[in-house]
Engineer: 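My questions all concern the structure below.
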Amino acid sequence: QVPLVESGGGSVQAGGSLRLSCATSAYTYSYCLGWFRQVPGKEREGVAAIYTPNDITYYADTVKGRFTISQDNAKNTLYLQMNSLAPEDAAMYYCAAGAFCSSGSWRLISRYNYWGQGTQVTVSS
């Protein structure tokens, strides 16, 4: 099992920024890396994903233009830069790894084999 460990969550005021990181020991056969978020009582939703063979990125409409997903191959680390945060962005954020994703599949939880334990993001107005 590939362990995924998120970090970088915290509390920020609306309009602020945070950068989440996700470290893993190996990305073998896990070419789709994604960020999801979940608030209590709601389903986990896809935020962004990156297909690593060609660095194609996907974003939810609600975060497009504000969030940026990226990876550092040398450090085996996935990032999510979050700018202009709003109260509705507050959630537990999870990173995930899967074999493949596309524009039609990156949001599907079933596409991801490995998940982190999450990092909490709080945004105050």
Side-chain angles (χ1 to χ4, degrees):
Q1 186 173 3
V2 177
L4 301 174
V5 181
E6 303 97 336
S7 62
S11 296
V12 65
Q13 288 191 329
S17 298
L18 283 174
R19 188 177 78 159
L20 306 183
S21 300
C22 176
T24 180
S25 60
Y27 285 138
T28 306
Y29 303 121
S30 295
Y31 301 121
C32 181
L33 306 174
W35 287 100
F36 287 73
R37 66 187 181 187
Q38 188 171 24
V39 297
K42 291 192 174 182
E43 292 186 355
R44 193 169 296 189
E45 64 173 0
V47 175
I50 183 168
Y51 185 56
T52 59
N54 50 22
D55 283 343
I56 291 180
T57 56
Y58 308 100
Y59 294 95
D61 288 343
T62 52
V63 306
K64 201 171 294 184
R66 299 187 298 123
F67 291 11
T68 302
I69 188 170
S70 62
Q71 60 161 342
D72 185 327
N73 286 327
K75 296 182 179 179
N76 280 342
T77 302
L78 177 71
Y79 300 102
L80 184 68
Q81 177 67 44
M82 306 186 296
N83 298 328
S84 302
L85 283 162
E88 51 265 34
D89 294 316
M92 184 72 79
Y93 282 72
Y94 300 88
C95 68
F100 173 79
C101 57
S102 65
S103 59
S105 69
W106 73 270
R107 301 169 189 266
L108 299 177
I109 293 175
S110 60
R111 286 286 185 172
Y112 298 85
N113 307 108
Y114 309 106
W115 293 84
Q117 293 185 331
T119 185
Q120 182 70 45
V121 171
T122 303
V123 184
S124 58
S125 56

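The first residue of the sequence shown is numbered 1, and numbering continues consecutively from there.
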Engineer: Calculate, to the nearest 0.5 Å, the distance between atoms OG1 and CG belonging to T68 and L80 respectively.
Structural biologist: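 It comes to 8.0 Å.
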Engineer: To the nearest 0.5 angstrom, please state how far the SG atom of C32 sits from the OH atom of Y51.
Structural biologist: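 Between C32 SG and Y51 OH, I get 8.5 Å after rounding to 0.5 Å.
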Engineer: Side-chain contact, heavy-atom cut-off 4.5 Å: L4 with Y94?
Structural biologist: no
Engineer: Under 4.5 Å between side-chain heavy atoms, hopping through other hydrophobics if needed: is there a path connecting Y79 to V47?
Structural biologist: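 Hydrophobic grouping puts Y79 apart from V47.
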Engineer: Rounded to the nearest 0.5 Å, what separates atom SG in C101 from atom CG in L33?
Structural biologist: 8.0 Å
Engineer: Just list the side-chain donor-acceptor pairs under 3.5 Å for residues 103-112, sequence neighbours left out, or say none.
Structural biologist:
residue, atom, partner, partner atom, Å
S105, OG, S102, N, 2.9
S105, OG, S102, OG, 3.2
Y112, OH, W106, O, 2.7

Engineer: Checking Y59 side chain against R66 main chain: does a donor-acceptor pair fall under 3.5 Å?
Structural biologist: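 The answer is no, because no donor-acceptor pair under 3.5 Å joins these two groups.
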Engineer: Do M82 and D89 make a side-chain contact, defined as non-hydrogen atoms from C-beta onward lying under 4.5 Å apart?
Structural biologist: no
Engineer: I'd like to check the side chain to side chain donor-acceptor pair (under 3.5 Å) partners of E45; sequence neighbours left out, ordered by chain and number.
Structural biologist: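 With neighbours one apart ignored, the set is R37.
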Engineer: May I ask you to decide if Y93's main-chain N or O and T119's side chain share a donor-acceptor pair within less than 3.5 Å?
Structural biologist: no
Engineer: Kindly state whether the ring of W115 and the ring of F36 have centres lying under 6.0 angstrom apart.
Structural biologist: yes
Engineer: Taking all heavy atoms of D55 and all of I50, pick out the closest pair and write down the distance.
Structural biologist: OD1-CD1, 3.8 Å
Engineer: Spell out, as yes or no, whether a donor-acceptor pair under 3.5 Å connects the side chain of E6 to the backbone of C22.
Structural biologist: no
Engineer: Just to verify, what does S17 make a side chain to side chain donor-acceptor pair (under 3.5 Å) with, not counting sequence neighbours?
Structural biologist: N83
Engineer: Looking at the rings of F100 and Y31, which for Trp means the six-membered one, are their centres under 6.0 Å apart?
Structural biologist: no
Engineer: How far does CG of L20 sit from OG1 of T77, to the nearest 0.5 angstrom?
Structural biologist: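 Going from the CG atom of L20 to the OG1 atom of T77 covers 12.5 Å.
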Engineer: If you draw a 6.0 Å radius around CD in Q117, do more than 12 non-hydrogen atoms from other residues or ligands fall strictly inside?
Structural biologist: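 No - once you tally the heavy atoms of other residues, nucleotides and ligands closer than 6.0 Å, there are 12 at most.
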Engineer: Does E88 have more than 12 heavy atoms from other residues, nucleotides or ligands lying within 6.0 Å of its CD?
Structural biologist: yes
Engineer: Hey, could you give me the CG/OG distance between L78 and S70, rounded to the nearest 0.5 Å?
Structural biologist: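 It is 7.0 Å, given to the nearest 0.5 Å.
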Engineer: Please round to the nearest 0.5 Å and tell me the distance separating atom CE of M92 and atom OG1 of T122.
Structural biologist: 9.0 Å
Engineer: Side chain to side chain contact (heavy atoms under 4.5 Å, CB included) between F67 and L85: does it pass, once the steps are laid out?
Structural biologist: CA-CA 9 Å; F67 291 11; L85 283 162; 3.8 Å; yes
